[in-house]
Participant: 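Next up is a structure, given as structure tokens.
Computation of the quantities below employed the complete heavy-atom set of this structure, encompassing side-chain atoms and omitting hydrogens, waters and symmetry-equivalent molecules. Each residue takes its place number in the sequence, starting with 1. These numbers come from a predicted model, not from an experiment.
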Amino acid sequence: MVRSRTASPITHVPNKDEGEMMIMGPQKIHRIVLTHETICTVSHVTSPSCIWLKLRNNIVETQLQITCDGRLGDERNLWSDELKPLKNKPEARHYVMAPRDENIYGRARVLEYDSKNPDFVYILFIDHGDCCWVHWRCLAEISHVMKCHPWQAIPVALFKLFPTRRFMGEEEPTWTREDLNVLEEIIENYTYFRVKPIFGSLKYNDYSININVELFGLRDNDDFIGDSIAHLFKNQRVESIIKRKYYDSVQQPMFSLDDQNVLPPCSPNDVEEFRLEFPIKIRESTHQILDIGELNLEEDDDVLNKRELKIGKNDKKTEEAYPEIKLIKLADIREEFSDDGKFCILVNGSSTVSPYEFYAYPLRLKEMPRKNSAMETGKRENPAKEVHALIDDRIQFSDELDTWYGQQANRHAVDASTVRTMLEKGKPVFGIYEVYSEHSETGSWRRVEIIGLRPIERNQEQPMAAPWQFCRVRFLDFGGTDIVPVANILKIHASHCTKPVMCMPLCMNKIEPITGNWTEKLNAYFRSVLRGDIPIICELEENFETVSPAENLEDKVPAPKRRGVIFVKNLRVMTRPNDPTMEEKLVHGTKTSQAIAKFKE
């Protein structure tokens, strides 16, 4: 079996009074967990029980590497100030920046020091999956921003495969070098792979346990099924592999390579030169103006161009680089959607939280149905056309966002300090955030508004670390909120800000829960009775709630007081204008349920 690895818990073990909380800290970088079928590339193969994958839209090259800016006449590297050498030997399991190539530094984790050469350390590149020996003095500090992104390399194991050979008298079977060579040859025939995670009856709270998957190599862009890698592998290694009839990932053991329990020998003479010492920094700052006498203008135009390009990127940290999206306001609803004080909505049930926080799409109908009107005689207006137009519009815009932000060159992370400054001033901050949706028509890249920052505690190891690692965002076109890393939010292009917000946050402010708080049980009942499959008629109510910028900064604002929330009342299903309103159902109860709310005094 695979040699035991240091446990890496994901969340704190909850007690009966607390829910699960992600483990945070200066030496904790979380990892991507596959939750549904997706398309990946293979970054590195350690064994059939440890294949390192990367998502197609990974951010390694754009955000997680520090690259040499160019060469001067003396052939020394011109590195940016982002690269700072370590003062002391890093401890095992700590994260650092390490040289992947002569001109590239990437994120790595310290694994183990060599017993015979104590200055040499074995490291794992967490965004690629491969390992190597380096001298510790070539390593650099890893910044706080670099730690905000999860590992981009995802270790997985092929499901159902079981080796039969044993290595040097070992009790458990292991994979052989011949197995590894055959698997690498098969994988080299494909560029992209369809990955189907296999879940089990047990949920592991540990990153060190590889996810079992079924891996399929895609032959071309029109291939959506692919060739089973496990099947091809097993057919070529019939004498050493058994394909078990496993149906649960718990049944699948993990097996190591025959010599994987022993680190490769460390030979200092064979270690590449750029992995022996820290690169020479010849400038205190990448923004420093160069003396023209220091450069050969005929040979070093590229150096100047790259410096200008880098400075140009830094100029985008100003507030002008964060365009604003127009939110839906009461005046807009009255002018475009309302008729006689009423307007029609389609509730997004998947983002409903409570009567104080639910989300809906406004519908434009020429005439609102009224009591004792033609609706009761069957001559009601059919809203299906408007609903279909809404769905088509959302799909078309999602495709537009996916096309643009799917290109690495168009993805630029927001600046955390600028975001904080804008929120302190009470200015709205908008961006783009990637989600992993099970429905392809809803897209991956979505417009969001940062509605509050989530502070973290400082620590002795990083007393100057930025306290704003996470923030709460609201999804402008789908509804709902989520807490995400600030570093994962991208700047939104101005052309994507002209389209009005599609989904608006609503609040039924005329009622309050009879228990004092909207408990999960009460909210579950509300979600069950608030229909999202048919248009609903409601009336507008003035919203006089205001908050201070300080409250907004630290995400302390309750849902009804957030910016852009619309207060509504007297909600009724469009096709049943004589039915009790939603408030009346919650306050007085129904034939099958008790009252859960009361009207505010």
Side-chain angles (χ1 to χ4, degrees), residues 43-46 52 54 60-143 146-147 151-153 180 184 259-260 262-286 288 290 294-296 299-307 309-310:
S43 175
H44 182 70
V45 181
T46 304
W52 296 85
K54 285 184 187 177
V60 176
E61 295 182 359
T62 57
Q63 300 185 43
L64 299 180
Q65 292 183 160
I66 300 178
T67 308
C68 172
D69 288 327
R71 296 274 187 179
L72 290 185
D74 58 3
E75 294 299 322
R76 291 182 298 179
N77 290 337
L78 184 62
W79 293 93
S80 73
D81 277 344
E82 297 175 85
L83 206 63
K84 298 179 180 179
L86 294 176
K87 297 179 181 178
N88 302 301
K89 280 186 177 181
E91 298 180 16
R93 325 310 299 178
H94 280 207
Y95 292 96
V96 294
M97 298 297 290
R100 278 200 59 77
D101 199 352
E102 189 172 2
N103 298 319
I104 298 176
Y105 264 63
R107 303 190 302 170
R109 193 178 197 184
V110 174
L111 297 184
E112 191 174 330
Y113 283 89
D114 185 49
S115 57
K116 296 181 180 179
N117 303 284
D119 286 336
F120 285 82
V121 59
Y122 199 60
I123 61 171
L124 165 69
F125 288 100
I126 64 174
D127 299 320
H128 303 273
D130 55 330
C131 301
C132 69
W133 287 103
V134 300
H135 195 290
W136 77 269
R137 289 197 177 278
C138 79
L139 302 177
E141 297 178 2
I142 184 169
S143 68
M146 287 285 191
K147 290 183 178 181
W151 291 29
Q152 298 296 290
L180 176 60
E184 288 179 331
D259 56 356
Q260 191 176 337
V262 181
L263 292 179
C266 175
S267 177
N269 294 331
D270 295 333
V271 176
E272 295 90 338
E273 183 178 353
F274 62 87
R275 287 176 171 158
L276 294 176
E277 62 180 0
F278 192 79
I280 301 173
K281 294 182 65 179
I282 62 174
R283 288 292 178 271
E284 293 297 326
S285 172
T286 56
Q288 181 177 347
L290 293 180
E294 296 178 358
L295 292 174
N296 182 327
E299 298 180 355
D300 296 311
D301 287 343
D302 289 342
V303 177
L304 289 174
N305 291 337
K306 289 177 180 178
R307 282 179 174 273
L309 180 60
K310 193 172 186 67

Participant: Hey, does His135 have a side-chain heavy atom less than 4.5 Å from the side chain of Val271?
Facilitator: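 They are not in side-chain contact.
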Participant: For the backbone of Glu277 and the side chain of Arg137, can you confirm whether one donor and one acceptor N or O come within less than 3.5 Å of each other?
Facilitator: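 No, the answer is negative, given that no donor and acceptor are paired below the 3.5 Å cut-off.
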Participant: Can you name the nearest heavy-atom pair linking Ala153 to His128, along with the distance?
Facilitator: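 Nearest heavy atoms, Ala153 then His128: CB-N, 3.6 Å.
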Participant: Side chains of Glu112 and Val121: does their closest heavy-atom pair fall under 4.5 Å?
Facilitator: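 No - every pair of side-chain heavy atoms lies 4.5 Å or more apart.
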Participant: Flag the pair Tyr113 / Pro90 as yes when at least one side-chain heavy-atom distance between them is below 4.5 Å, and no otherwise.
Facilitator: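 A side-chain contact under 4.5 Å exists here.
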Participant: Is any side-chain heavy atom of Trp136 closer than 4.5 Å to one of Val96?
Facilitator: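 Not in contact.
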Participant: State, to 0.1 Å, how close Cys131 and Leu124 come at their nearest heavy-atom pair, and which atoms those are.
Facilitator: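 Minimum heavy-atom separation between Cys131 and Leu124: SG-CD1, 3.6 Å.
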Participant: Is any side-chain heavy atom of Cys138 less than 4.5 Å from a side-chain heavy atom of Tyr105?
Facilitator: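 Sidechains of Tyr105 and Cys138: in contact.
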Participant: Any side-chain heavy atom of Gln152 within less than 4.5 Å of one from Ser43?
Facilitator: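 Not in contact.
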Participant: Are the side chains of Leu263 and Leu111 in contact, using a 4.5 Å heavy-atom criterion?
Facilitator: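 When only atoms from C-beta onward are counted, Leu263 and Leu111 do not touch, as no gap falls below 4.5 Å.
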Participant: So, do Leu139 and Lys89 sit near enough that their side-chain heavy atoms are less than 4.5 Å apart?
Facilitator: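 No, side chains not in contact.
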Participant: How many angstroms lie between OG in Ser143 and NZ in Lys84, if you round to the nearest 0.5 Å?
Facilitator: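 Answer for the OG-NZ pair, Ser143 versus Lys84, is 9.0 Å.
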Participant: Kindly say whether Asp270 contributes a backbone atom to a donor-acceptor pair with the side chain of Trp133 at under 3.5 angstrom?
Facilitator: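 Looks like no, no N/O pair under 3.5 Å.
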Participant: With under 30° as parallel and over 60° as perpendicular, where do the rings of Trp151 and Trp52 fit, or are they tilted in between?
Facilitator: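 Taking Trp52 first and then Trp151, their aromatic rings lie parallel (interplane angle under 30°).
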Participant: Looking at every non-hydrogen atom in both residues, tell me the closest pair between Pro99 and Phe125 and how far apart they are.
Facilitator: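 Nearest pair, atom of Pro99 first, then Phe125: O-CZ, 3.5 Å.
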Participant: Distance check, rounded to the nearest 0.5 Å: Leu64 atom CG versus Ile142 atom CD1?
Facilitator: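 Output value for this atom pair is 8.5 Å.
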Participant: Say you draw a straight line from CZ of Arg107 to CD of Gln63; how long is it, rounded to the nearest 0.5 Å?
Facilitator: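 It comes to 10.0 Å.
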Participant: I need the minimum non-hydrogen distance between Arg100 and Gln65, along with the two atoms involved.
Facilitator: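 What the structure gives for the nearest pair is CD-OE1, 4.4 Å.
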Participant: If you count the non-hydrogen atoms of other residues, nucleotides and ligands that lie under 6.0 Å from CD in Glu272, is the total more than 12?
Facilitator: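 More than 12 within 6.0 Å, yes.
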Participant: Taking salt bridge (Lys or Arg N to Asp or Glu O under 4.0 Å) as the test, write out the residues that go with Asp114, two or more places apart.
Facilitator: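 For Asp114, no residue satisfies salt bridge (Lys or Arg N to Asp or Glu O under 4.0 Å) once neighbours in sequence are set aside.
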Participant: Is the backbone N or O of Tyr95 less than 3.5 Å from a side-chain atom of Lys147, with the two atoms forming a donor-acceptor pair by type?
Facilitator: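 The answer is no, because no donor-acceptor pair under 3.5 Å joins these two groups.
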Participant: For residues Tyr122 and Pro264, report the shortest heavy-atom separation together with the two atoms involved.
Facilitator: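 So the minimum-distance heavy-atom pair works out to OH-CG, 3.4 Å.
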Participant: Using a strict 4.0 Å threshold on nitrogen-to-oxygen distance, state whether Asp127 and Lys54 make a salt bridge.
Facilitator: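 Salt bridge between Asp127 and Lys54, a charged N being under 4.0 Å from a carboxylate O: no.
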Participant: If I compare all heavy atoms of Ala108 with all of Ile123, which pair ends up nearest, and what's the gap?
Facilitator: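 Reported closest heavy-atom pair: CB-CD1, 4.1 Å.
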